[in-house]
Amino acid sequence: MKESCEKQKILDNFENTIASCTRCKLSSTRTKLVFGEGTACAKIMFIGEGPGKMEDLSGRPFVGRAGELLTRIIENGMKLKREEVYIANIVKCRPTVDMLMQKDRPPDKEEVERCNPYLKEQIKIIQPKIIITLGNPSTKFLLKTDTGITKLRGNWGNFQNIPVMPTYHPSFILRNGGEKSPLKRLVWEDIKKVLEKLNKP
Ligand code: URA
């Protein structure tokens with residue numbers, strides 16, 4: 001059962017208002033818009049890059065292989081339920097190479113430009129205590145930087161007075177050795193910093 005708070009109604013209403021968005025070209029190829037999922041009362045918000053195939057088909061963020069890894073990080077590592085955090089993406093529709101819905105690609109500048117007000121509104125409504133950015137696109141956007149994730153990860157940044165912890169995207173871990181990758185240990189170090197900050201009196 002979803003924890004409920006006043007913010008939930010506002011977030012749900014917002015989701016309804018953008019359901020048939022046509023602000024960018026990705027709307028012409030999407031199966032489903034992937035708004036985000038979790039509770040509006042979340043203290044932690046994860047922000048990825050954009051939906052992949054499984055997300056586009058289901059309308060839910062991080063449900064493919066990368067999503068399974070993210071879920072294990074949340075549930076086994078952080079000892080939280082997926083429903084207790086909020087998971088969103090910088091763009092809400094699936095970006096693919098040549099718009100052919102075959103091979104995923106990062107969102108382009110125009111797509112981020114058109115879609116980012118939605119993410120900003122979600123952050124404004126939820127007001128998480130901490131944001132965790134997964135990979136380059138969301139980190140670069142929120143922290144307004146061109147520096148890459150390898151340099152930024154593990155270091156606190158800030159978005160509108162909300163602490164931001166950048167870390168590697170689960171897909172990057174999967175492409176570089178998966179569960180046994182040393183990158184996973186680095187992600188865990190970053191997550192531990194998040195938990196320490198969250199649990200500080
Ligand atoms: N990768 C992302 O960045 N977001 C998703 O929702 C799924 C995979």
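Just so you know, these numbers use all the heavy atoms, side chains as well, and skip hydrogens, waters and symmetry mates. When a ligand or atom number is given, it counts from 1 through the structure's own listing order.
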Enquirer: With no hydrogens and no angle check, is any side-chain donor or acceptor of Asn176 less than 3.5 Å from a backbone partner on Ile173?
Expert: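 Not confirmed, Asn176 side chain does not pair with Ile173 backbone.
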
Enquirer: To the nearest 0.1 Å, how far is atom 4 (N) of ligand 1 from its closest protein heavy atom, and which atom is that?
Expert: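 That would be Asn89 OD1, 2.8 Å.
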
Enquirer: Within less than 4.0 angstrom of ligand 1, does His169 place any heavy atom?
Expert: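 It does, in that a heavy atom of His169 comes within the 4.0 Å cut-off of ligand 1.
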
Enquirer: Do Lys120 and Tyr118 form a cation-pi contact, if we require the NZ or CZ to be under 6.0 Å from the six-membered ring centre and within 45 degrees of the ring's axis?
Expert: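 Ring-cation test returns no.
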
Enquirer: Identify whether the distance between the nearest side-chain nitrogen and carboxylate oxygen of Arg60 and Glu55 falls below 4.0 Å.
Expert: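 Salt bridge: no.
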
Enquirer: Can you list the atoms of ligand 1 that are under 4.0 Å from a heavy atom of Gly48?
Expert: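 Answer for ligand 1: 3 (O).
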
Enquirer: Does the ring centre of Phe46 sit less than 6.0 Å away from the ring centre of His169?
Expert: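 No, the ring centres sit 6.0 Å or more apart.
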
Enquirer: Tell me which protein heavy atom sits closest to atom 2 (C) of ligand 1, plus the residue, atom name and distance to 0.1 Å.
Expert: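 Residue, atom and distance for the closest contact: Gly50 O, 3.1 Å.
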
Enquirer: Would Gly64 count as a contact residue for ligand 1, given that I'm defining contact as a non-hydrogen atom of the residue lying under 4.0 Å from a ligand atom?
Expert: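 Under 4.0 Å: no for Gly64.
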
Enquirer: Is atom NZ of Lys7 surrounded by more than 12 heavy atoms (other residues, nucleotides or ligands) closer than 6.0 Å?
Expert: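 Yes.
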
Enquirer: Pull out every atom of ligand 1 sitting under 4.0 Å from any heavy atom of Glu49, numbered as shown with elements.
Expert: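 Selected atoms, number and element: 2 (C), 3 (O).
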
